[in-house]
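Take a look at the structure set out below.
Letters A, B, ... are given to chains in the order of the sequence lines, protein chains preceding strands, and every chain is numbered from 1.
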Amino acid sequence: MKACATPSFGASSRPSPRALRESTRGTEDARCGLMARRAATGKLAKYRSMRDFKVTAEPSGDRSPRGKGNSFVIQKHAARRLHYDFRLELDGVLLSWSVPKGPSLSPTEKRLAVRTEDHPLDYASFEGVIPQGQYGGGTVAVWDRGTWQPEDDPHEAMKKGRLTFTLDGEKLHGKWHLVRTRPQGKQEGWLLFKGRDDAANENVDIVEEEPRSVVTNRTIDQIAADSDRVWQSSKVAEPTAMEKRAARIAKAGKAAANEERDTNPRKNIHRNIQLANEAAKKARGKKTEPAAPPSASAASVAALVRQLPLGFQLTNLDKVLYPEQGITKAQLVAYFAVVADWMMPQLHDRPLTLVRCPEGRHKQCFFQKKILPGSPKSIHTVEIEEESGESVEYMRVKDMPGLVGLAQLGTLEIHTWGCHADKVERPDFMVFDLDPAPDVEWDRVALAAFEVRKRLNKLGIASWVKTTGGKGLHVCAPIKRTIDWERFKEFTKLFADTIAAEHPKQYTSNISKAARKGKIFVDYLRNGRNATFIAPYSPRAREGAPVATPITWEELAHGVDPLSFTTATVPLRLAKLKKDPWHGIEDADQAITAAAWRALGGKP
DNA sequence: GTTGTTC
DNA sequence: GAACAACAACGCGGC
DNA sequence: GCCGCG
Ligand SMILES: [Mn+2]
Ligand SMILES: [Mn+2]
């Protein structure tokens, strides 16, 4: 059997137009044509793997339009960033480059061109909208099209990284160059620039002056608007299951919003996220097998959180962070967005330490205290002088986008210092962490919290309580910023030692494991300068995505199951609450008084 | 998860 | 663009 | 000084 001819023109002799035509389309036999098609099919595997053709209107490339085999197209593509996709037909596919600034008619203006995956030939006529969330989501216009003629063998040229050719399009003409930059060194890029000939022009910005589609004479904006209309009408005609679902959520969201005449769009997004969370919980039921199947609404949660006004990009929203519950990063983002209003008053401007698990809670997790380059801009910093003398940039957040920024980093736990950024050397939040030994019953822990509360009250300090996401409780008290860390910790140690001394069978203030057997460790060490504690409303990187949850003393007296507070249940709980469980904590105006020191037998 | 290096 | 590697905390108490 | 702890 005869081998199929590879189009080849030799290095020196320029091919005739006829030779070019015949090189890609069958002057030989049907077998070669078929093989070329199969080859093209293989080249398009990547293109297809990146797209879901049920969702996008882009062609799948299973039908090749008949042409002369030397077409080119430039598609103006308003995606995340506006760019121009430069495509040359070769061997049954479109070689493609993404040119951020588009072509220039000036031979001295070299434009960066990044090679992208080969596209099918029928892509050349695609103009319209690629749905958001799909690869390359955005609006596409056919900015120019026509034919191209390589100067030499294009296969050799591609291999060498020097392609010289002539364009005969509607906007672009004459000689052009595509040159690969140094293969080693920085990233491999190409440069697209005009050859020196009559079609060159130093004075015209072709991209500015000819912005429209050469096919429909529409601008990008007009194409997007037209596509909107088509989408609207097709939606009425034939709603898909997903659209029906979205409509249901939107309707429920509207009804809820109408109740309180809420015109804040962000609040509405929050509400929709809550509704989606609720639906997700119902869909999951209470089954928690080793790996839960993705919940029905995971996809719609991703769509919702993408609407949050953040100022940075969310990525990998479908990544599963808690496999047992099937909780995705999108659901974590939704959780933070919903609890932000309750959480931020406590978290605002405190230095942070994070527990990050970007690959999920079972994979490599790590602590992070310093800000890293590339962090979302909604994460702010605070410069703190370490005792060693060196200065470290800690992280802090001020608002919902900041909180979601932490989620974007794959943060499963947020730990905070007991001070604020503007006065780091003055602690303002006291925490007694009640850690029960493994065999201690929950009721004893609850009673311990009341004991701590009673004793603090006697010292003139009101306190609030939260679960930790584990088997313990945190008794918390805001304190005026009068004393330094050393004295602060000294006071809390005195307090813990006193309880332990008076009830040695119940409590210990000694961190060592041996001392804690059968007892509750009153952990005052959270009150040191370099110590942190789990933030209110922070999830934990543990099975079930439990949440450190502020509760009222009444609830604690009534009985609560600390592990029932999870990223799935806390948003529902908050929606039902009439007032903040920590109501009044912002207005507390209390300090460690001289009388308090004396009551514990300490020196004021 | 992000950045930097390398092809 | 893709594949790959490096990197992301540390102080304090107990004995 | 090392280990455990969070
Ligand atoms: Mn593109
Ligand atoms: Mn503890």
Side-chain angles (χ1 to χ4, degrees), chain A residues 46-47 49-50 83 85 95-100 112-118 135-136 161 180-190 312-317 319 321 329 332-333 351-360 363-377 379 384 386-388 390 392-395 404-413 415-418 431 433-435 437 468-472 474 485-486 489-490 492-493 496-497 508-516 521 523-535 538 540-542 548:
Chain A
K46 183 171 166 198
Y47 169 87
S49 74
M50 296 166 81
H83 60 269
D85 291 308
L95 306 181
S96 298
W97 290 260
S98 172
V99 186
L112 176 69
V114 178
R115 187 86 149 81
T116 55
E117 77 276 10
D118 293 348
Y135 179 76
R180 195 193 288 136
T181 57
R182 308 252 163 267
Q184 76 273 62
K186 294 286 175 193
Q187 295 190 334
E188 173 182 332
W190 293 64
F312 61 89
Q313 208 67 36
L314 292 169
T315 61
N316 297 310
L317 286 173
K319 181 159 287 176
L321 300 178
K329 188 171 163 189
L332 182 72
V333 167
L352 306 176
T353 296
L354 311 179
V355 174
R356 293 179 53 195
C357 312
E359 301 288 339
K363 302 290 179 58
Q364 189 73 218
C365 296
F366 54 88
F367 285 85
Q368 181 180 339
K369 46 196 274 190
K370 297 191 202 65
I371 185 89
L372 290 171
S375 304
K377 293 192 187 40
I379 301 176
I384 297 181
E386 298 285 85
E387 260 137 271
S388 64
E390 69 160 333
V392 176
E393 298 258 288
Y394 277 75
M395 293 171 283
V404 173
L406 301 179
Q408 165 58 18
L409 297 180
T411 302
L412 296 192
E413 298 190 4
H415 299 251
T416 79
W417 289 38
V431 176
D433 169 22
L434 303 175
D435 283 341
T468 63
K471 294 178 169 177
H474 282 182
W485 284 105
E486 196 182 328
K489 190 163 78 180
E490 186 188 339
T492 59
K493 174 171 167 52
D497 287 346
T508 177
S509 54
N510 184 328
I511 192 173
S512 77
K513 233 176 196 161
R516 290 161 67 168
F521 169 44
D523 184 356
Y524 65 94
L525 294 163
R526 304 302 93 225
N527 300 295
R529 184 186 189 270
N530 290 302
T532 60
F533 48 88
I534 191 73
S538 171
R540 305 307 297 262
R542 303 182 186 162

Go through [options] for me and flag the one nearest to the [X] side chain.
X	options	value
A:R526	B:dG1, D:dG6, C:dG1	D:dG6
A:D523	B:dT2, C:dG1, D:dG6	D:dG6
A:K513	D:dC5, C:dG1, D:dG6	D:dC5

Check for a donor-acceptor pair, side chain of A:K329 on one end and backbone N or O of A:L321 on the other, with a separation under 3.5 Å.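 Between the backbone of A:L321 and the side chain of A:K329 there is no qualifying donor-acceptor contact (under 3.5 Å).
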Distance, rounded to the nearest Å, where [X] contributes [atom1] and [N] contributes [atom2]:
X	N	atom1	atom2	value
A:L95	C:dG1	CG	P	17 Å
A:I534	D:dG6	CD1	P	13 Å
A:W417	D:dG6	CH2	C1'	15 Å
A:M395	B:dT2	CE	C1'	13 Å
A:Q313	B:dG1	CD	P	13 Å
A:E117	C:dA2	CD	C1'	12 Å

Ignoring hydrogens and geometry beyond distance, is a side-chain donor-acceptor pair present between [X] and [Y] at under 3.5 Å?
X	Y	result
A:T353	A:Q368	no
A:S509	A:D497	yes
A:Y394	A:K369	yes

Whether A:K319 and A:E359 form a salt bridge (side-chain N of Lys/Arg under 4.0 Å from carboxylate O of Asp/Glu) is what I want to check.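 Answer for the salt bridge query: yes.
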Pair A:R540 + A:E413, salt bridge at N-O below 4.0 Å: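 Answer for the salt bridge query: yes.
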So A:K319, base contact, sugar-phosphate only, or nothing? Heavy-atom distance under 4.0 Å.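 If one applies the 4.0 Å heavy-atom cut-off, A:K319 turns out to touch the sugar-phosphate alone, with no base involved.
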So what does A:S375 touch, heavy atoms closer than 4.0 Å: a base, only the sugar-phosphate, or nothing?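 A:S375: no heavy atom of the nucleic acid under 4.0 Å.
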Give me the distance, rounded to whole Å, that separates C:dA9 from B:dT3 when you measure between the P atoms they each carry.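 Pairwise P distance, C:dA9 against B:dT3, rounds to 16 Å.
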Please give the distance between the P atoms of B:dG4 and C:dA8 as a whole number of Å.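 Those two atoms are separated by 14 Å.
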Using Watson-Crick or G-U wobble geometry with both distances below 3.5 Å, tell me the partner of D:dG4, or none.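 Because both required distances fall under 3.5 Å, D:dG4 counts as paired with C:dC12.
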So does A:E386 have more than 12 non-hydrogen atoms from other groups sitting under 6.0 Å from CD?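 More than 12 within 6.0 Å, yes.
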B/S/- contact track for nucleotides 8-15 of chain C, protein heavy atom under 4.0 Å: BBSSSSSS
